[in-house]
Amino acid sequence: MSTLASKQLDLRQTTVLILGLMATGIGQSLVFAILAPLGREVNLGELQITSIIALSALVFALASPYWGRFSDRVGRKPVIITGLAGYTVGTLLFTSVFYAGLAGALSGLALYAVLLLARCSQSIVMSATNPASTAYAADNSAPATRTRTMARLGTANSLGTILGPAVSGALATFGLLAPLYFAAGLSALAGFAVWKLLPPTPKEDLTARSRRLSLRFTDPRVRHYLLSAIGLFVGYSGIQQTLGFLLQDKLALNGIQTAQMTGAALMISAVFTFAAQMTLMQHLKLSATQFLRLGLVALLFGAGIIAAFDRFAVLAVGMAFVGVGLGVSMPAVAAGASLAVSSEEQGAVAGLVSACPAMGFVAGPIVAGFLYQIHGPLAALFSAFVFFVVLVLLTLHERR
């Protein structure tokens, strides 16, 4: 194995990894901004719309650890390219099904079933990109700089979430499907950039993994990080996946206006995520768990504000707190878990960390969607409760 302490990502490696992750970040934020109004345009219910995200997230969560381990054997680069190619093809398929729904060729349960199948098929393959990219960064960063490196990588998703809503709002004027076609093209370009510009994993660094080295979610070295991340995204996904409904119903918006306002709210959150990763994560000398607790407090405040908002300006404040919380929490989880395991386990632990957001998106949207149908603010209050419970459990773990 190469000496890890002497390794650092160079400018080309960092730029290419950020481009690949940013493309998927833009694509995902486009989907989240457009799905609520688009689903209503084809007469899907709130629970149907949120369940598409939830069930495809389950598939993503199951596939991510496999791709992480697979990248240990074959190298990070081909796995990253596979994920981006899968995202491209899957987005085109998902969008085409919606086109059939808007044209009246599919409707009702048949439309819902085909959309679910398309999104789940996409999730199987697109789940390759994040764990392989995270493991590539861990391979090429020293332990002393691991938290800062993961924060820089996290800026890719932040930039994607900043740019995605802006693109969504601009392209939505051409129709609700236009942003999704754009996302497919962008991920294809990112895959080409990775193929041409990212150096492959050296052959001597490839690891022949055995079953006894296989990591599990219950591994005591990383269990508290993974469970915290899952809980964090149960709460966050509940906010994100009901945000479009909340805006449309509270502010009496049409479909295109809802997509634009949802995109603006997500963009505000992403701007603060990016700012936190470029400032707090780079300069504060805190441990991974300290950063994680700080992030959970910010998320708790944000959820409470969102539950009570009566105009967009108040919602923006809540989304800013949510952005800061995400900005410090997830790089802390990735760095803490990476530092807790050996160099031979980096792909495996990256796969587990990448699965956590998806696992959160399994339960969060369904519970929040159900609660929203009872009373709108209950969805954000549910998220606040989840953040509080995770914060308490993490604090108790640290005291033990």
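Position 1 is the first residue of the sequence; numbering continues from there.
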Side chain to side chain contact (heavy atoms under 4.5 Å, CB included), paired with Met261, selected from Leu243, Leu253, Leu266: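 Result: among Leu243, Leu253, Leu266, Leu253 is the only option passing the side chain to side chain contact (heavy atoms under 4.5 Å, CB included) with Met261.
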
[X] side chain to [Y] main-chain N or O, any donor-acceptor pair under 3.5 Å?
X	Y	value
Lys77	Trp195	yes
Ser107	Gly104	no
Ser269	Ala265	no
Ser64	Ala61	no
Thr273	Leu326	no
Ser56	Ser123	no

Heavy-atom side-chain proximity of [X] to [Y] below 4.5 angstrom:
X	Y	answer
Phe301	Val322	no
Gln28	Tyr87	yes
Ile366	Phe370	no
Leu44	Ile52	yes
Val390	Leu232	no
Tyr225	Thr289	yes
Tyr112	Ser51	yes
Phe94	Leu35	yes

Atom of [X], atom of [Y] and distance for their closest heavy-atom approach:
X	Y	result
Ala298	Val324	CB-CG1, 4.3 Å
Phe233	Pro357	CG-CA, 3.6 Å
Met281	Gly327	CG-O, 3.8 Å
Val317	Ile305	CG1-CD1, 3.9 Å
Ile26	Leu186	CD1-CD2, 3.5 Å
Ala188	Thr88	N-OG1, 3.1 Å

Just by distance, no angles: are the side chains of Arg293 and Gln290 close enough, under 3.5 Å, to form a donor-acceptor pair?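 No - no donor-acceptor pair under 3.5 Å links their side chains.
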
When clusters are formed by joining ILVMFWY residues with side-chain heavy atoms under 4.5 Å apart, either directly or through shared neighbours, do Val386 and Leu378 land in the same one? yes

Take a 6.0 Å sphere around [atom1] of [X] and say whether it holds more than 12 heavy atoms from other residues, nucleotides or ligands.
X	atom1	value
Leu396	CG	yes
Phe312	CZ	yes
Phe217	CZ	yes
Phe309	CZ	yes
Phe388	CZ	no

Can you label the angle between the His224 ring and the His397 ring as parallel, tilted or perpendicular, going by 30° and 60°?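 Geometry flag for His397 against His224: parallel rings.
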
Please verify the inter-ring angle class for Trp67 with Phe70; under 30° counts as parallel, over 60° as perpendicular, anything in between as tilted. perpendicular

To the nearest 0.5 Å, what is the distance between [atom1] on [X] and [atom2] on [Y]?
X	Y	atom1	atom2	result
Leu296	Leu391	CG	CG	5.5 Å
Met150	Gln277	CE	CD	12.5 Å
Met330	Ser228	CE	OG	10.5 Å
Ser133	Leu84	OG	CG	7.0 Å

Atom pairs and distances, donor-acceptor, side-chain atoms in residues 11-20, under 3.5 Å, two or more places apart:
{"residue": "Arg12", "atom": "NE", "partner": "Leu197", "partner atom": "O", "Å": "3.3"}
{"residue": "Gln13", "atom": "OE1", "partner": "Asp10", "partner atom": "N", "Å": "3.0"}
{"residue": "Gln13", "atom": "NE2", "partner": "Tyr136", "partner atom": "OH", "Å": "2.9"}
{"residue": "Thr14", "atom": "OG1", "partner": "Asp10", "partner atom": "O", "Å": "2.9"}
{"residue": "Thr15", "atom": "OG1", "partner": "Leu11", "partner atom": "O", "Å": "2.7"}

Tell me the salt bridge (Lys or Arg N to Asp or Glu O under 4.0 Å) pairs involving residues 14-43, sequence neighbours left out? Arg40-Glu46, Arg40-Asp249

